[in-house]
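Contents: one structure, followed by commentary.
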Amino acid sequence: MKVALLSESPADEAALRIVAEGVLGRPVEVVQPPLRARGWPSVAQVLPVILRHLHFRTDADGLVVAADSDDTVVHTAEHERPGYFHPRCRLCELRAIVRQTLKNLPSAQGRARLHTAVGLAVPAVEAWYLCGRDDAVTEAAWLDGQTTGAPPYTRRELKHRVYGTMHPSLPFEVQRATEEMARHRGDFRRLEFDFPGGFGALAADLRRWRVGRA
Ligand SMILES: [Zn+2]
């Protein structure tokens, strides 16, 4: 399957590729988008251009996009209600951009529409990398911290736990992202359980691609 990946860094994209291959259950050939994003809000800013480019100019089957929540609102089950949109939730925002951009596009490249999958790492992708290694790192723990004003950990701490330094080189980031995500290859249930809003939504989107292909 031909898939484009868009996230805040090439290391995140290496992890997203493993997720896409695992959930889709088939190898993924990566389609390079014409632009790359570095951090937020860059992901949201380049997303419409990338969607149109992939739709009209490539034979990509779909796009996987994810961002870090940082200190914004966590995507929860409440946001999944029909017609609901939380203006401070990045996942809701990315979904709205996808919907708006693809809404009236004519079919192209022999397909009706591009598949999309949207994820949100809470509070940062390093939390996903620690899943199964550190039981204290979960969406629920982070949500609790937002409610009480006492965060259970900082993004710096998560980074340090994953890389052993605050300033990893890009190749080392890619290596760590790949190693940690590969632990879940074949079974992402723990990630879906510990990160239901941001990772669960991403996996659910990817599963719909399989249905669409049948
Ligand atoms: Zn949301």
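Here, residue 1 is the first one in the sequence, and each next residue gets the next number. Because only heavy atoms are used, hydrogens play no part in the values below, and waters and symmetry mates are left out as well, while side chains stay in. Numbering of ligands and ligand atoms starts at 1, following listing order.
Closest N/O/S atom of His79 to the Zn ion (ligand 1): ND1. Within His75, the N, O or S atom at minimum distance from the Zn ion (ligand 1) carries the name ND1.
Between His184 and Phe188, the angle of the ring planes stays under 30°, which puts this pair in the parallel group of the 30/60° scheme. Relative orientation of the His115 and Trp209 rings is parallel, given thresholds of 30° and 60° on the angle between their planes.
Remark: Glu192 does not engage Arg189 in a salt bridge, criterion side-chain N to carboxylate O under 4.0 Å. Salt-bridge check for Asp61 with Arg111: failed, with every basic side-chain N at 4.0 Å or more from each acidic carboxylate O.
The SG atom of Cys92, the Zn ion (ligand 1) and the SG atom of Cys89 define an angle of 110° (nearest 10 degrees).
Residue His86 does not count as close to the Zn ion (ligand 1), with no N, O or S atom under 2.8 Å.
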